Amino acid sequence: MTASPKAPVAARRPHSFSHHGIMVEDPYAWLRDPGYPEVKDKDVLSYLEEENAWFEAAMQPRKALTDTLFQEMKGRIKEDDSSVPQKDGDNIYWRAFETGAQYRKWYRKPVAGGDDQLILDEPALAEGHDYFRLGALSVSPDGRYLAYAIDDDGSERFEARIKDLFTGEILPEIIPDTLSSLVWTSDSRGLLYGIANDQWRTDNARLHWLGQPVESDVELFHEDDEGFRVSIGLTSSEKWIVIATGDHVTTEAWLLPADNPTAKPLLVAPRKPGREYDVDEHEGTLYIRTNDTHPNFRLVKASLETPGQWEEVIGADPHFYLTDFTLFKGFYVTEGRQDGLDQIELRDYATHSPRRIPFPEASYSASLDDNPEYDVTKLRIGYESMVTPDTIYDYHLDTGALEVLKVQEIPSGYDAARYTTERLTIPARDGTQIPVSIVYPKDLPRDGSAPLHLYGYGAYGIAMEPGFSTSRLSLLDRGFAFALAHIRGGDDLGQQWYLDGKLDKRTNTFTDFVDVAKGLIERGYTAKGRISISGGSAGGELMGAVINSDPDLWGAVVAHVPFVDVLNTMLDGSLPLTPGEWPEWGNPLEDKAAFETILSYDPYSNVSAQAYPPLMVTAGLNDPRVTYWEPAKWVAKLRATKTDDNILLLKTNMGAGHGGKSGRFESLHETAEEFAFILWQLNIAQ
């Protein structure tokens, strides 16, 4: 009879380094396999497998609950679901799940009439693989060829293939290690793409001609700055190919004629440190969104002949954050957020006066949906809120009417009237008002007795949209409130909101989250120790910081692929992401102040001998974004250092990457495990 697994204790192996005259101890550095990205070290694999065995043993008594949650979540998903068809050229395109399928099938049929055509079969491509993800997908202008890219191990190194949609043949040329969109030339004979180099950086744009060996592909653009990444796109009119390069704070764009991709590239404007811009083209005029005069961006225009001479079209507004714009033949659309709420505005090219599309709720998420054509009479729009399921509209330009095309169907039933959503503001310790989106059952007691789940991210200028979630209902229906903290570091309230949570202001993100939790307690939504929290990647870093600073607030913590070994990662320029991340976090290699700032909040470095809340941590062995050893080292140090006997679990997906398992049901199972852990630790009736 074998003994039940016990919580693993990783060996401490002395390792230290000194930088800027500061000595740092790192006794778990050995968990980084020196052969990475291949992980073959027996000690490392043995430790990860022991942790996985401990995870399975600890969660085994919760299996029935996990299965119940999974079945609830699965029951809210329409199994034979399909997207709203959309016209693009001579065909109408859509995608659909079949009952029981983990992945989609992609279809089209002629506008003039004819049979449905299956153009891509994801279930067939995924067969035999533990992991599958479809990356870029692009149909050639003449409708004959489909270029698509797949990842079957979670490493985010995609393999691009080309299918002849007229014959069904997969062309012999295969392009490995792509990490970009796939963009066709006007004649449908050439395909532009970018490959990931050994450091998982896309520093190039390449051109492949159909029928030619991939080895003969031509590099059209190369970026020498190791911190910059190259992307490839098309203008709305599809006359120009856009090659953009940049890091988190500086961008530069070049234009190539889509009918002559080997022509000399046209530089829109040379890079200037701290200036970002993106570009589109309409009838020979370039439109450019830029932050050159204000963090909230403005819109300017220029001629193709003098692309660097900019004329203002829409000035920057401290209360309106211009997030995007899309050009159509007869009008254009701007998207942005006013005081944190999404706005969509239509404008004509002559006067640029706005026509705003109204939405009914006080807190919601809205954006342009799939609008592939240049000359349109209606716009496809997506809308949802924390109580309103995903809704697809057509907005008719002539009447201003919003036509409902599809509302997300919830087969097991859903009654929005059972729930209430609010948008609150809670003061941070420096007086800044932090927005909070919250949803809860209408009968939620406001005496502090209710459990509450608080979610946050707060990095890279990524806003947390107050959208709908069917999985979340499993918590709400067990008496939870669910809150999104729109903390600094995201761009929820504009670009300055982002700037106020990065570099030397990074700790604002962490203190905002803590102060939101305390504010929700003061308002009676919950109580200390009745709060579960979660976050992933940079949001996992947030989890690590707030359990170091305020461990007694939290009753359960889930950290997905957490970026917790910040200092060591930012000191290692050989890692794939590091050089491009210095503008976000600081460069501790060169800057002592940046070193000291990161060291002051780095979750791994600041683990201390104190009581920590119950903690569930996930990792991906093939994750190129947050390498597996970050959560592994963190868990090892926590287990050796903390003074409590609360549960600490680490689950490493041995065949997946940053996003966890693939497939719509496999990923639901991981959410069910997370919720089961939370309910267990908060002692909620199952």
Side-chain angles (χ1 to χ4, degrees), residues 82-83 85-98 101-109 116-196 200 202 204-214 217 230-234 238 241 258 261 370 372 622 624 656-659 662-664:
S82 63
S83 65
Q86 179 64 296
K87 178 179 176 296
D88 186 5
D90 295 331
N91 291 283
I92 296 170
Y93 292 85
W94 72 99
R95 56 197 179 274
F97 284 105
E98 294 180 349
Q102 297 269 17
Y103 303 99
R104 297 178 178 88
K105 292 184 177 182
W106 298 70
Y107 296 92
R108 74 176 182 183
K109 66 179 179 181
D116 296 355
Q117 179 188 10
L118 175 63
I119 62 173
L120 192 69
D121 187 341
E122 286 189 47
L125 292 170
E127 191 171 347
H129 298 287
D130 292 334
Y131 179 93
F132 175 83
R133 178 182 167 195
L134 178 67
L137 180 143
S138 178
V139 176
S140 62
D142 64 4
R144 176 163 186 171
Y145 298 103
L146 173 70
Y148 62 96
I150 60 173
D151 169 18
D152 59 16
D153 65 5
S155 65
E156 298 187 54
R157 289 181 179 269
F158 293 84
E159 181 178 89
R161 303 174 183 175
I162 303 167
K163 181 179 181 180
D164 187 331
L165 296 177
F166 291 0
T167 68
E169 174 193 8
I170 304 296
L171 302 190
E173 51 255 49
I174 295 176
I175 307 171
D177 293 334
T178 62
L179 190 62
S180 72
S181 53
L182 302 170
V183 176
W184 290 97
T185 57
S186 296
D187 61 4
S188 301
R189 303 301 303 171
L191 185 70
L192 277 78
Y193 65 93
I195 59 173
W200 197 67
T202 309
N204 60 90
R206 301 175 65 84
L207 172 64
H208 173 73
W209 293 113
L210 294 189
Q212 298 299 312
V214 172
D217 290 357
V230 175
S231 63
I232 309 164
L234 271 177
E238 300 186 356
I241 295 166
D370 182 26
N622 299 328
H658 198 61
S662 61
R664 57 176 176 162

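Just so we're clear, the structure is a prediction, and the values are computed from it rather than from any experiment.
- When all heavy atoms of Ala160 and Thr178 are compared, the pair lying nearest together is CB-CG2, 3.9 Å.
- The shortest side-chain heavy-atom distance between Asp88 and Arg108 does not fall under the 4.5 Å cut-off.
- Closest heavy-atom contact between Pro261 and Leu192: CB-CD1, 4.3 Å.
- Smallest separation of non-hydrogen atoms from His208 and Asp217: ND1-OD1, 2.8 Å.
- Using a 4.5 Å heavy-atom threshold, the side chains of Tyr148 and Leu125 count as touching.
- Heavy atoms only, all atoms of each residue included: Ile174 and Val214 are closest at O-CG2, 3.5 Å.
- Glu122 and Trp106 are linked by a side-chain donor-acceptor pair at a separation below 3.5 angstrom, with hydrogens and angles left out of the test.
- Side-chain atoms of Trp184 and Leu210, non-hydrogen and from C-beta on, do get closer than 4.5 Å to each other.
- Proximity of Gln117 to Leu165: side-chain heavy atoms (C-beta onward) are separated by under 4.5 Å at one or more points.
- Here the closest non-hydrogen pair linking Phe97 and Gln102 is CE2-O, 3.5 Å.
- Between the Glu238 side chain and the Ser186 main chain, no donor and acceptor come within less than 3.5 Å of each other.
- You'll find the side chain of Tyr131 stays beyond 4.5 Å of the side chain of Asp152, heavy atoms only.
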TODO: Assess whether side chain to side chain contact (heavy atoms under 4.5 Å, CB included) is satisfied between Leu146 and Ile162, documenting all intermediate values.
DONE: CA-CA 6 Å; Leu146 173 70; Ile162 303 167; over 6 Å; no
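- For Ser83 (side chain) and Arg95 (main-chain N/O), a donor-acceptor pair under 3.5 Å exists by modelled atom type.
- Proximity of Arg144 to Thr167: side-chain heavy atoms (C-beta onward) are separated by under 4.5 Å at one or more points.
- When all heavy atoms of Gly194 and Ser180 are compared, the pair lying nearest together is N-OG, 2.8 Å.
- No donor-acceptor pair closer than 3.5 Å links the side chain of Thr202 to the backbone N or O of Ala196.
- Remark: side-chain polar atoms of Ser188 are paired, donor with acceptor, to backbone N or O of Asp142 under 3.5 angstrom.
- Taking the six-membered ring where tryptophan is involved, the planes of Tyr107 and Trp94 are essentially parallel, since the angle between them stays under 30° and well short of 60°.
- Leu179 has its side chain out of reach of Ile195: every pair of non-hydrogen atoms, C-beta onward, lies at least 4.5 Å apart.
- Within 6.0 Å of the CG atom in Asp116, the count of heavy atoms belonging to other residues, nucleotides or ligands exceeds 12.
- In this structure the side chain of Leu234 reaches within 4.5 angstrom of the side chain of Ile241, judged on heavy atoms.
- Panel note: side chain Lys105, backbone Glu98; no donor-acceptor pair is recorded below 3.5 Å.
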Open item on the list: I'd like to know whether Arg161 forms a side chain to side chain contact (heavy atoms under 4.5 Å, CB included) with Ile150, so could you lay out the CA-CA distance, the side-chain angles of the two residues, the decisive distance to 0.1 Å, and finally the verdict.
Closed with: CA-CA 8 Å; Arg161 303 174 183 175; Ile150 60 173; 3.6 Å; yes
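- For the side chain to side chain contact (heavy atoms under 4.5 Å, CB included) with Tyr145, the lone residue among Leu191, Asp164, Val139 that qualifies is Asp164.
- Of the inter-residue distances, the one linking Leu171 atom CG with Lys163 atom NZ reads 11.0 Å to the nearest 0.5 angstrom.
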TODO: Any chance you could lay out the side chain to side chain contact (heavy atoms under 4.5 Å, CB included) test for Leu137 and Leu182, step after step, and finish with the verdict?
DONE: CA-CA 7 Å; Leu137 180 143; Leu182 302 170; over 6 Å; no
- [ ] Tell me, with the steps shown, if Ile175 and Arg206 meet side chain to side chain contact (heavy atoms under 4.5 Å, CB included).
- [x] CA-CA 11 Å; Ile175 307 171; Arg206 301 175 65 84; over 6 Å; no
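- For Asp370 and Tyr93, the side-chain atoms include no donor-acceptor pair closer than 3.5 Å.
- Sparse packing is recorded around NZ of Lys109, with 12 or fewer heavy atoms of other residues, nucleotides or ligands lying under 6.0 Å away.
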